[in-house]
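Each remark here refers to the structure printed beneath this line.
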Amino acid sequence: MIGQNAPDVFPDFWNYFEEIITKQHEDGITVSGKASLLLMERQAGFLEETYFDWKLVPVIGDDGLFLGAYGIPTDNTERVIGERRTLCVQNLSQRIAKTTSFDALWNHITLGLLEDSKDVPFALLFADQDALRARGTPPIDQTGNVKLVGSIGVPDGHRLKNLCWTTEAGGDGLPSAVMHAVQSSQISILSTDSAEVAQYLTGIDWKGSGVPCKQLAIMPIFAGARPLAVLVAGINPHRQYNDWYRDFLQHITTLISTQLSALRLSEELKHRAELASKAVKNFERSELRFERFAARSMVGLGMASMHGNILYANNVWCELSGVDPSKAIGCDFRDTIHEDDLPLVEQHWHNAVVLKQVVKFTYRSKAPWRKDEMYLPQRTLYATCYADIDEDGTVETITGLVVDISEQKWTEGQLLQRSRELEESEQRYRSFADLCPFGIVSTDAQGKVKWGNDSWHDFYSFKKGQVVDEQPWLPYVHSDDVDKAKQYFRTLQTTPGAHTAELRLKKKYTIYEGDRMRENDFFILIVGNQEYKDSLKTVIDSIDFWIIDISAQKMAEKILTEKMEEAIRNRTSQEHFIDMISHEIRNPLSALLTCAESICQSLSQIDPQRGPSNGALSVAKGMFTAKAKNEAIYNDILEAANTIIWCSNHQKQIVDDVLTLSKLDSELLVVSPVPVKLTDLMRSALKIFEPELRMSEIGLEMLDHESVALNGINWILLDPNRFLQILINLVTNAIKFTRGVSGGKRIKIVTSIHKERPHHFEELDFVPRRYNPLERRGSTIGPQLEDADQIYLRVSVSDTGKGLSAPEKKLLFNRFAQASPKTHVEYGGSGLGLFISRQITEMLGGEIGVGTSPSGGCTFAFYVITSKIDAPQSSYLQPPIAPAVSRTMSAPVTLLPTKDGKKGNGERTDVEKRKILVVEDNIVNQRVLCKQLRNRGFDVEASNHGKEALAALEKAQASEEGYFDVVLCDIEMPVMDGIQCVQEIRERERDGSLPEHIPVIGVTANVRSKQVDAAVEAGMDGVTTKPYRLDDLIAHIDRLLLEDSST
Amino acid sequence: MADAEEFDFGDNVDTATFEQILDMDDADEDDAHEFSKSIVFGFLDQADSTFAKMETSKYVRPDKSIHVVRTLIHYVLRKDKDLKELSSLGHFLKGSSATLGFTKVKDECEKIQHYGQKKDETGATDEPDEEKCLRLIGQSIAKAKTAYDEVKRLMEQYYAKLEGNA
């Protein structure tokens, strides 16, 4: 160095000294400086922190000139740094000594270290939180127990701030290095060069000289044997890490470690103190609780010494034992116990005290018990008793707990008494039931027999006590009734209430009718009822049955039914026989009549005076003889023919009566009221009697009672056929019985009108009605009259005949009955006429009767219900006059049957044609019916079934030709039957797609009322029967249309 | 008008009833018997097809069937239904034969109707034996067909004669 230029030698600080030296050059004063920081590269590549004291002494030449400066430097580096470090340690020591918590400790460590930032330009302080924590507190963080608790030079938000790891898992990078150091238990040095470590150090705000550290020292801090924290400190980059430096760091470590141990200890102590105080509090609380419990418990609690003296007793115990609480302490508990129970209690006491068992027993105290009306002379107590034993196993005290069970005891006593009473009563009823002639059995819900009496066992031949199956009776029930029996039992199981069933058993019931044995099923009638366990009736306790043998009734019923059926069969076959005979007789009779009429007619064309023009020969032989002979023959033939006609008529009348009766019986006769003019009707009907009356010289008088005129009767609603049938019958009878009487033969017919039912009238008794009241039947529709318009039409027929005796009158109106057996001989007749008249009168709502006329003859009278109406508008309602004629037969002229409707009823050409829809599936019948109706002046259209009918109705409604007036509908048809059809029609009428209410008449071969009802219910206005009776049918239609138009 | 009484129908036809049908003919028209004739022959066709329908219920004569097993099954399942159908067919034909007065045909049809309802021939008493009913129906169908053949022959003759006269 010598000889070299100073600036070259001291490049680091020459500039500074050059100035000083220049100044000294001028003033020549010695200049000195104190230890300022000099960074010197004493070793190559390492800037070292140095401190020098220096003195520049001017060297003055002899000439007084400044020759140069003599520099005297003194190296103070070690002293300065040493002082610095010592100060730092002292500071730190002072700081942390005051700390009382870990957090304060960490804080002061950081602050203390900051004071020597040159030597600690960077620091990380980690603490093992688990190790620091007081025992028993739960871990704080799941992410790791080692956490950064303090740092120097780490800015906020730096990744190091969040660095943490778990001791067990360790980690890589910095944590791994730290853990290594901890394991070695001494300070280790880590170079910051390695990438592993360097990654953590970017962005660090280095303190001290601001130069990044090249090395880190890792200093584990132990408290005892346990590492609690780690201090990672940056090594001063301008100082070498050497023993001196290590001593400094060691010193710091020791300081922290000492304080940490102290803190940890105090924490521990604090924790223990807390636990201790908590335990004390708990104990106090439990003591308090026990006291409260004992004082307020419902349970009596007493503690006694080994000798039985009470040491403690709560109020309940005193009350239960009958002891005054103030005197309880010290008394012998045995004194409280009922004498009878003392030996027992002594025994238990022994077991508790000597054998140290926990004993439980019931005893009675001397205290009485009372609650409301309940009373017992001693309380019954339930006690639990045990010995309290100290650590040595000796008995300290005996504790007894007692509960009052007197009420239960009382209830138990009551129960015992009740059940004894119950048993007695049940015994009584059981013997009652045992001897009962009915079967009585009680089963559980599944049908297992609980109890059954002897009669019940007898039903199935069971032996008592051997019936174990569910529903054991099932195998004995008649196979056809098993399902019924099961169903019945199910009903009982599911439906509360009594249920009854009738079952047959397999065994038979037999009786003897003389020697003949009769067998029938064995019938039983069962009544079952359930007993429930609960009031809601959900759980069945038992099902009780009462069983009665009704086989005898059933047998009687069966025999009776058989006899009845037999009787009905006999009667029916008899009637059938009569019907058949009548039919068979009628056909040839018609032939007879026709023949006889033909003869009469033929004869009338021959002039008996002239004789048959059979040629000149006979004329030549003698006209007179022939003429006389012809006349005789002519008369003979005429007489014979008339006789034949008369006889046939008579016979035919009988036959017709029988047939009418048969129809009456089958309820086939229809009442069809139509508007009639009463007087005209009667007069024209009576015309047929004129020839006969003339012949028999009987005078017929027809009178209207003043009531007729008074009530203004002209038109009334009446079924003319039925009405005339009665009238003509009565007149025929009158003629018959008057004919034989000599002189003054007269018949008087009186018509009268009544507002009230004319029960008794002019000494005349009506026969009691057979049908009462008048039933409305589909096929025999009675007069449907409004009460307001209802009047009673009464007709009486009096004659001057020989009259009847009272017993004769009684017989008159019965079937086949005549006044006397002689009657038949004298007057002929079937005896049915009056019976039929009676039936018809009743059908018309009236009565018929007989009395004595003033002349001594008979007066027959009847009345019918009818109603007054206004004269109909159109002429087509002209009543048909002829119908009843066929059964009147007095004059041959009227005999010709009205073969054709055209002639009988007159064609309805002058009125608007009525349109009728015929619905009939049988094409043959359909065409015939259509033809008949057309002949009667109807406009007819036909459909084959209901569907077609609906289509026809819709079409008619749409067309201009006009809608139908009436529908005639067969009931049994394919595709859509009459019932469905009419329902559909009514439905469409309701919804407006068809015009309102078209009358529909049903036609059926089934006249049973069930069918008729069904038809009417489906919406039909009436029902008529097959085969068609055209007159009735038309009358029916007329009536419906009249009703329809009037509404 | 040719009177039906002049023609001997025997007891096959109820003359009175049949005459009512004849009465419906319009005498003054060209074909005087058009209506009654069409009705009668309409009936004959109808009866023919009804008999055919009755016989397709072949269980009327179950013994004649070849397929024994099928028949048995069918027999058990359908017997009741067959009876009802037969009864209905009988009722149907009874209606039209009664209208025309073909008494014998009508009587047998009525029996078929009753048998089909499981009753005796009068319809008064129950006859629960289905097989017996079916057998009786078989017999009645045969009788009805005989009566029908007779009526057909008579009617053909009758109308031939009527037209011959005209």
Side-chain angles (χ1 to χ4, degrees), chain A residues 565-566 568-573 575-577 579-580 583-584 586-591 593-595 598 897-904 920-936 940 944-945 970-974 977 1003-1006 1008 1025-1030, chain B residues 1 3-5 11 13-27 34-47 49-50 53 84-85 87-103 105-107 109-110 113-114 117 120 122-126:
Chain A
E565 276 170 2
E566 203 180 310
I568 290 169
R569 225 176 8 253
N570 285 345
R571 211 192 105 193
T572 315
S573 62
E575 283 169 7
H576 278 174
F577 177 73
D579 281 2
M580 196 186 73
H583 269 291
E584 294 301 319
R586 193 157 73 149
N587 285 347
L589 273 181
S590 300
L593 276 170
T594 319
C595 293
S598 302
T898 50
K899 260 190 356 185
D900 196 332
K902 282 181 206 171
K903 290 153 200 164
E920 158 74 65
D921 63 316
N922 192 318
I923 189 72
V924 170
N925 287 4
Q926 183 199 91
R927 291 190 55 196
V928 170
L929 183 62
C930 289
K931 184 80 180 176
Q932 284 174 324
L933 289 166
R934 278 195 193 102
N935 286 346
R936 292 295 188 97
V940 188
N944 290 318
H945 50 74
D970 194 7
I971 286 178
E972 286 151 65
M973 283 183 296
D977 67 24
V1003 183
T1004 178
N1006 280 314
R1008 276 180 291 155
T1025 55
K1026 263 202 261 191
Y1028 302 102
R1029 291 155 37 86
L1030 207 57
Chain B
M1 193 204 294
D3 204 327
E5 282 174 9
D11 53 359
V13 178
D14 175 44
T15 328
T17 313
F18 185 56
E19 273 189 359
Q20 283 182 2
I21 302 295
L22 292 177
D23 283 349
M24 283 187 242
D25 282 336
D26 303 303
E34 168 59 27
F35 178 73
S36 65
K37 192 179 167 188
S38 72
I39 288 288
V40 168
F41 287 95
F43 167 79
L44 293 174
D45 286 349
Q46 184 190 66
S49 65
T50 309
K53 275 187 207 159
K84 277 185 189 140
E85 195 173 327
S87 172
S88 161
L89 289 168
H91 171 73
F92 176 76
L93 201 55
K94 183 187 88 174
S96 39
S97 50
T99 300
L100 293 180
F102 297 167
T103 323
V105 179
K106 189 209 89 177
D107 289 347
C109 287
E110 191 164 8
Q113 185 192 352
H114 289 146
Q117 288 164 344
D120 72 353
T122 63
T125 324
D126 285 341

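A note on names: the letters A, B, ... follow the listed sequences, proteins ahead of strands, and every chain is numbered from 1. These numbers come from the heavy atoms of this one structure, side chains and all, not from hydrogens, waters or symmetry mates.
Options A:Val928, A:Asn922, A:Ile923 differ in how many heavy-atom pairs under 4.5 Å they form with chain B, and the most are formed by A:Asn922. The most heavy-atom pairs under 4.5 Å with chain A, out of B:Gly42, B:Ser88, B:Ser38, B:Ser97, come from B:Ser38.
Nearest approach of B:Phe92 to B:Gln46, heavy atoms of both residues: CZ-NE2, 3.4 Å. Considering all non-hydrogen atoms of both residues, B:Ser96 and A:Val924 come closest at CB-CB, 3.5 Å. Residues B:Leu22 and B:Ser36 come closest through the heavy atom pair CD2-OG, 3.6 Å.
One side chain, A:Asn925 or B:Thr99, offers a donor N or O that lies under 3.5 Å from an acceptor on the other.
With a 4.5 angstrom heavy-atom cutoff, B:Ile21 touches chain A only via side-chain atoms.
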